Participant: 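Below you'll find the structure I mean.
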Amino acid sequence: MGKRANELMVGTLPDVAGFIREMAASKQAILAKAAQKKCQLQAFTTKEQGDQHTNFNAKMIELTPEQKQAYRVRNLQVDYQFAVRKLRQEMGLDQPHFAYKAGFSWERLKTIEAGEALPTTDELLRLAEISGRSVHLRFD
């Protein structure tokens, strides 16, 4: 390497070091700001969750028994919707193949995964059998 090239490289080294220091300082500032925003978001989320929980309980008290039952059924549908979809995805199957393997019609599986219907006990047992898992029932 020629003398001129060495002079140019040496001349730029302090600039590189300065640039690295500036970037490190910027990174620290960004991380500090991100930590501050995270704390603000957590505080806001906690407050919102508390408000939502209070509002939810107040609204549940106002519902008729029929509305409460419909709400519980809908929650079950959503729970099964996600559980069945998760099981299918864990098995690496698409809907038609999973339905075939479980002995369902594809339409029946789509209604369960869409949260529009609850699977029967027999259907749950077939899903457990094809996946090598078991079914557990809980009363909370």
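Quick caveat, the model's predicted, so the values are computed rather than measured. The analysis underlying the following values was restricted to heavy atoms, covering all of them including side chains, and did not include hydrogens, waters or symmetry mates. Numbers here are sequence positions counted from 1.
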Participant: Quick one: salt bridge (charged side-chain N to carboxylate O under 4.0 Å, His left out) pairs with a partner in residues 127-136, sequence neighbours left out?
Facilitator: Glu90-Arg133

Participant: May I ask whether Leu87 and Trp106 are part of the same hydrophobic cluster, defined by side-chain heavy atoms of I, L, V, M, F, W, Y residues being less than 4.5 angstrom apart, directly or through others?
Facilitator: no

Participant: Would Glu123 and Ile112 count as a side-chain contact (heavy atoms from CB on, under 4.5 Å) if you check the C-alpha gap in whole Å, the side-chain angles of each, and the deciding distance to 0.1 Å?
Facilitator: CA-CA 11 Å; Glu123 289 169 336; Ile112 293 170; 3.9 Å; yes

Participant: Can you tell me how far apart CG (Leu125) and OG (Ser134) are? Round to the nearest 0.5 Å.
Facilitator: 10.5 Å

Participant: If you count heavy atoms of other groups shown closer than 6.0 angstrom to NZ of Lys101, is the number above 12?
Facilitator: no

Participant: Rounded to the nearest 0.5 Å, what separation is found between the OG1 atom of Thr120 and the CZ atom of Phe104?
Facilitator: 7.0 Å

Participant: With sequence neighbours excluded, give me every side chain to side chain donor-acceptor pair (under 3.5 Å) pair touching residues 79-88.
Facilitator: Arg88-Glu113

Participant: What are the two closest non-hydrogen atoms of Leu93 and His97, and how far apart are they?
Facilitator: CD2-CB, 4.3 Å

Participant: If I compare all heavy atoms of Leu124 with all of Val135, which pair ends up nearest, and what's the gap?
Facilitator: O-CG2, 3.5 Å

Participant: Could you pull out all residues at least two apart from Arg74 that satisfy salt bridge (Lys or Arg N to Asp or Glu O under 4.0 Å)?
Facilitator: none

Participant: Please report the closest heavy-atom contact between Ser105 and Ala99, naming both atoms and the distance.
Facilitator: O-CB, 3.9 Å

Participant: Of all heavy-atom pairs between Arg108 and Thr111, which one has the smallest distance, and what is that distance?
Facilitator: O-OG1, 2.7 Å

